[in-house]
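Presented below is the structure to which this report refers.
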Amino acid sequence: MKPFDYRRADDVAAAVALLSRDREAVFLGGGTNLVDHLRLGVATPGLLVDITRLPLDRIEELPDGGVRVGGTVRNSDLAADPLIRERYPVLSQALLSGASGQLRNLATTGGNLLQRTRCVYFQDVTTACNKRVPGSGCSALEGYQRYHAILGASPDCIATHPSDMAVAMAVLDAVVQVTGPDGERAVPLGDFHRLPGDEPQHDTVLRHGELVTAMDLPALPDGMTSLYRKVRDRASYAFALVSVAAALDVRDGVVADVRIALGGVAHKPWRAARAERELRGAPATDDSFRRAAEAELSAAQPVAGNAFKVPLARNTLVATLRELTGRTPR
Amino acid sequence: MTTTDRRFPPRAVGTPLDRLDGHAKVTGTARYAYEQPVDAPAYLHAVQATVARGRITAIDTEAAEAVPGVLAVLTHHNAPRLADTGDAELAVLQSDAVAFRGQIIGGVVATTSETARYAASLVRTTYDEQPHDTGLRADRDDLYAPEKVNGGYATDTAQGDVEAALAAAAVTVDRTYSTAMYHNNPMEPLTTVACWADGELTLHDSTQGVHMVRSQVAPLFRLETEQVHVVSPHVGGGFGSKGTPHAPVVLAAMAAHLVPGRPVKFALTRQQMFSLAGYRTPTVQRVRLGADRDGRLAALSVDAISQTSRIKEFAEQTAVPSRTMYAAPHRRTTHRVARLDVPVPSWMRAPGECPGMFGAEVAMDELADACGVDPVELRVRNEPETDPESGLPFSSRNLVACLREGARRIGWERRDPTPRARYEEGRLVGLGVAASVYPVLWMPGSSATVRAGADGRYTVSIGAADLGTGTWTALTQIAADALDVPVERVELRIGDTVFPPASVAGGSSGITAWGSAVVHAARRMRESFGESPHEGAEATGETGDNPATERFAMYAFGAQFAEIRVHPETGEVRVPRLVGVFAAGRIVNPKTARSQLIGGMTMGLSMALHEQSYFDDHVGQVANHDFAEYHIATNADVDRIEASWLDEDDPHVNPMGTKGIGEIGIVGTAAAVANAAYNATGVRVRDLPITLDKFLDS
Ligand SMILES: Cc1cc2nc3c(=O)[nH]c(=O)nc-3n(C[C@H](O)[C@H](O)[C@H](O)COP(=O)(O)OP(=O)(O)OC[C@H]3O[C@@H](n4cnc5c(N)ncnc54)[C@H](O)[C@@H]3O)c2cc1C
């Protein structure tokens, strides 16, 4: 690990100022991702600005009925929060399906959102990776592809975003609150993470020095129930092969409203807009669910090592929507 | 001398004595190699090759040397010349050649481990890179027959006329199975603290055998055996990876040589464990069975393929267990090996039996299916009267009783032989069975000393190892019974070359070999000094030869049963229950024995469902080389695992009647799970691991 300096920031302005003065500085949240990268040489910052003592560790109701989650709230605290469990079960479930108890105790909201891909080549500095070293090539194209993207990938990068939390946040239409050298801005989560294109080095639209101070969660419309379903290679402590966050409102056997996001399939939490369109107004049956899933996945471009994710995503989506209708499989 | 001529009545043996080292371990006071208190240690980090084949044309250490705190940088230019380079795996830094990616090409010694690691990352190497070849395939045209396979077994065997018998058989199975590459991943990585003083070398090493390390390291450095002192009281797991010295211990000794008088600490990172600690070779197994309509075997043939490294041969004995399992007049087994630009494979828990019993026992399930015979019954029908391989009688063989008892425990009568017949709580449910086997290995050459103390106390010393397995406890129990005193009167000393030599903890032979020496020493004590020896009286015993090994075939057997649940839409696989019943001679300590058996079965479950080192043939290394990506079963994957055993009184194996239990638990588990998966889903998984994608239709 390259030697670095360490500073603890006392307020948001100071934290942002420390970074805006120094291209080599980064924020340190729980460190569960960043510290690994320091050890592996994937990240080589000159200065760590510890933000875990900032007053951003609260979960508060907003006047419009939504909830604001501070950027340094720990994943365990967020998952256990009564407000979250009651209003956004999908988020609590997603958090609890991620990592391990120990990791969730450390991990922060901002850090989870900004965790980097788990692509094995990104994490190994002895191999080529366009995300780590732009222009060096993509080892995954002919390598280990089980955890890689089937949607929205590019010839430069087929990595996925690994977060479970962010998939649930995508279905909740969360808004990322950011404070940077140029002031504050709010970015809808759907616009926050990027597709790789020819600049896979940029995971998000965040600029250097910008701090995620909070995530705002609008209230879910009345009548919508939500669920997170994660499919993985072992029963716990594994990243999603495919995950589905869904919120559904069925009236008289017809889909009145629906929101769907997929995890483990793309460089960002994948909001399944096409499937949602197919479903609105359709009967809430397995057949419609399947047609919607197939419509969404018709754009899938799997590689040899992850072709199974197309039927897996389809089946998981059908099973999740069915579970939200309260029916058992036929 | 024979060691079987005096048996003793078990008193402490057979009781579930709590681990004597348990308190120290749970309170964190048991010292592992890295934690040995040493003065002013320096730290070592390895530099590894980033090409899979070639030569180093330049290695620039200037930037590394300039880092404050760096004490020395080792490369092939300045490394001490070894006196013996016969074992190419241990010939560390002796030339510019690179034989596999991840091979050690240098090392940095510094005042902190972080500095050493950082400086190691600054070493710049250029290579004359050559094309590498790392892919194991059955259709390679360069597979060769090794002289012997691991364990000293014959490479090929043949009896009768297999081809004719297969052609004439009413029912045949001809299938190819594969097991993945697996990496031994004990919690404690390979670790050494090395120190040179007055021309002698001390190694605090995490090893399965202190004397084994000493005898192999000494000649490399032109030392007398006695000039190498190895200490290893506690070992955080080995699974074979610490059963023979690998390159890191040599690098540590070399590094310490550059800073004489100063101990050098060295522990591999988890990623480094995937290229420097050995591994289980992937295997391809073609199994052919020919039987009559009732499932009685006429022909049995296993052709096994594995890989080894360019620089050192390790030939996994994959087909060997099939030589003993079932009666069949016409039989053959073969082993062929591919020499590749890959890290050096080595021992991993139950080499041979573990991978070999996957293909063989899934093939038996396929035969049962083809004949319409119950899989338990099929195995019973093919039970041999004598060892099919040697013709010798078995010293004891209770496979049938294990199968029957296991069937009773799991509720085998509930099994519907038709796949996809059971559907419960939204899951396809199935049951499967497979047999387990492990040889009783006799390792001569250990000795033990018993010394009488005051008040009827005894000190028993032997350079044995405890890998977390329970040696401290079980050997104390054996010594107590052999001396006919309570366990409280025995103080055991192990894990140090100051004690008498002991064979390596491998081949499930530890308790058998060391216990025999302890029993012999105790007998000598009584013979020479009677029931009340004077303080300081000493007697030494040995593990000699056991002539009974020439008259009997000696094996432990077992039966494993699995219940599986498969999600019909996502293919997610869960194993809510495993039942293992073993016949493994006398059980010295039921508590530690159960841990060994359920540990083996858990590892077998992990192999069945999760483990796979994905070797990237383009890059030339294991891609998923950490614990986030190389999946080992978690607690949530392990539900009910029940291990039990039959009382078995085998008078021939050794004075204790023990057969060894460290490895048999992993043998057959994966086949039982795969057979259960077929019963649940109708999908026959012949290539491990049994992942969800294998159950998805497009
Ligand atoms: C073995 C393992 C298994 C895991 N399994 C899962 C899993 O199944 N599902 C899952 O979702 N996750 C999983 N994780 C990932 C885990 O969720 C993340 O590591 C964690 O959420 C990161 O949060 P952190 O606070 O520790 O981030 P850090 O490591 O502190 O930071 C991560 C990145 O975010 C930046 N950052 C942090 N906070 C802010 C902020 N407020 N504003 C701007 N930038 C910021 C940092 O500079 C850094 O680049 C796993 C991790 C491990 C190690």
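In what follows, every chain begins at residue 1, and chains take the letters A, B, ... in the order their sequences are listed. The structure presented is a predicted model; accordingly, all values stated were derived computationally and were not measured. Both backbone and side-chain heavy atoms feed into the values below; hydrogens, waters and symmetry mates do not.
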Contacting moiety of [X], where chain A heavy atoms sit under 4.5 Å:
X	result
B:Phe615	neither
B:Asp617	neither
B:His631	both
B:Gln621	side chain

At a heavy-atom separation under 4.5 Å, does [X] approach chain B through its side chain, its backbone, both, or neither?
X	value
A:Arg118	both
A:Val310	neither
A:Arg314	side chain

To the nearest 0.5 Å, how far apart are [atom1] in [X] and [atom2] in [Y]?
X	Y	atom1	atom2	answer
B:Tyr118	A:Thr44	OH	OG1	9.0 Å
A:Glu142	B:His618	CD	NE2	4.0 Å
B:His625	A:Tyr144	NE2	OH	11.5 Å
A:Phe308	B:Lys694	CZ	NZ	10.0 Å
B:Leu696	A:Thr316	CG	OG1	8.0 Å

Residue among A:Gln123, A:Arg146, A:Lys309 with most heavy-atom pairs under 4.5 Å to chain B: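 Top option by heavy-atom pairs under 4.5 Å: A:Arg146.
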Among the listed options A:Pro311, A:Ala319, A:Ala313, A:Ala235, the residue most often paired with chain B at heavy-atom distances under 4.5 Å: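 Winner by heavy-atom pair count: A:Ala235.
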Looking at chain A, which one of [options] has the largest number of heavy-atom pairs inside 4.5 Å, strictly under?
options	value
B:Asp697, B:Leu692, B:Val619, B:Thr50	B:Leu692
B:Leu122, B:Ile632, B:Val67	B:Ile632
B:Glu114, B:Arg101, B:His567	B:Arg101

Does [X] reach the side chain of [Y], with side-chain heavy atoms less than 4.5 Å apart?
X	Y	value
B:Thr691	A:Asp233	yes
A:Thr126	B:Gln48	no
B:Tyr614	A:Val120	no
A:Arg39	B:Arg117	yes

Within a reach of under 6.0 Å around [atom1] of [X], are more than 12 heavy atoms found that belong to other residues, nucleotides or ligands?
X	atom1	result
B:Glu65	CD	yes
A:Arg7	CZ	no
B:Glu424	CD	yes
A:Gln301	CD	no

Cationic N near anionic O, under 4.0 Å, B:Glu569 to A:Arg229: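 No, this pair does not count.
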A:Asp124 and B:Gln271 side chains, donor-acceptor separation under 3.5 Å: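 Per modelled atom types, B:Gln271 and A:Asp124 side chains form no pair under 3.5 Å.
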